[in-house]
Amino acid sequence: MTGTPTARPGAVPLVDDDHLDDLERGFVARLRGRVLEIGAGEGENFGALHAEVEWVGLEPDARRRAELATRAREWRHGSEPLDAVAEAIPLPDASVDAVLGTYVLCSVGDPAAALAEVRRVLVPGGRVVFVDHVVAPPGTLKRAVQRVATPISRRVCHGCHWDRDTETALTAAGFAADEVLRLRVRSMPFGPVPVLLFDGRRAAERA
């Protein structure tokens, strides 16, 4: 199943994991040039990256970084993954053409600092693609569940916060959206999970 999901006007589309995976791969495949992937995990996105991408990975977890390095070599990416957090990216200003992050902004310690670093290392007009589960709309039962669950998920799921408003954070950090998909992904036992797919760019500096 491919393509943009459809729903009645005003409704957030409901999709399954396979459809979400197709959409994620499509967003990742748009990136070109020198691409920094923050929180690259164990290299789950390698198969979706365009063949001409010059990949640079960042992963603070030592176990994951070791597996990431192995998989990077298998996919013929020459650079060794960086041992760093997104809040302190060890790259020069304006040194990458794009930044990728999938299910990362939910777990960074300081999202504003991480996004400031992303903006710093991007060339002017550089592209960003982020995919993440996000906070549900105000006043919904799902949002209340997220607020209760987040202190637990933060401790047991690698710092994951289920209640972050990532779209607002991206806009506040100076990124302009070219395409945004807001979805609900089927999940049990607590019902659909809100997910955001964001394809944007580093906006011009404010006067």
Hey, does the Lys NZ or Arg CZ of Arg30 hover above the aromatic six-ring of Phe27, less than 6.0 Å from the centre and inside 45° of the axis?
yes
If only atom types and distance count, is the side chain of [X] paired as donor or acceptor with the main-chain N or O of [Y] below 3.5 Å?
X: Arg119; Y: Ala203; answer: yes
X: Arg71; Y: Gly43; answer: yes
X: Thr166; Y: Cys106; answer: no
X: Arg120; Y: Leu91; answer: yes
X: Glu37; Y: Val35; answer: no
X: Arg34; Y: Ser95; answer: yes
X: Glu54; Y: Gly33; answer: no
X: Arg65; Y: Glu59; answer: yes
X: Asp61; Y: Arg64; answer: yes

Nearest 0.5 Å please: distance from the [atom1] atom of [X] over to the [atom2] atom of [Y].
X: Leu68; Y: Arg63; atom1: CG; atom2: CZ; answer: 11.5 Å
X: Arg25; Y: Asn45; atom1: CZ; atom2: CG; answer: 8.5 Å
X: Leu196; Y: Leu183; atom1: CG; atom2: CG; answer: 8.5 Å
X: Arg184; Y: Leu20; atom1: CZ; atom2: CG; answer: 13.5 Å
X: Ser187; Y: Asp16; atom1: OG; atom2: CG; answer: 12.0 Å

Compare all side-chain heavy atoms of [X] with those of [Y] and state whether any distance is below 4.5 angstrom.
X: Leu31; Y: His50; value: no
X: His133; Y: Tyr103; value: yes
X: Asp132; Y: Thr102; value: no
X: Val129; Y: Phe198; value: no
X: Asp199; Y: Val180; value: no
X: Val134; Y: Leu105; value: no
X: Val28; Y: Phe46; value: no
X: Val108; Y: Arg164; value: yes

Joint cluster assignment, [X] & [Y], ILVMFWY side-chain distance < 4.5 Å:
X: Val128; Y: Leu82; result: yes
X: Phe175; Y: Val123; result: no
X: Val99; Y: Ile89; result: yes

For Glu167, is there an ion pair with Arg182 - N to carboxylate O distance below 4.0 angstrom?
yes
Looking at Arg127 and Asp97, is there a salt bridge between them, counting it only when a charged N and a carboxylate O are closer than 4.0 Å?
no
For the side-chain contact (heavy atoms from CB on, under 4.5 Å) test, which of Ile38, Leu197, Leu100 pairs with Phe130?
Ile38
For [X] and [Y], which heavy atoms make the closest approach, and how far apart are they?
X: Gly47; Y: Trp75; value: CA-CH2, 3.5 Å
X: Leu58; Y: Pro90; value: CD1-CD, 4.2 Å
X: Val104; Y: Gly39; value: CG2-O, 3.6 Å

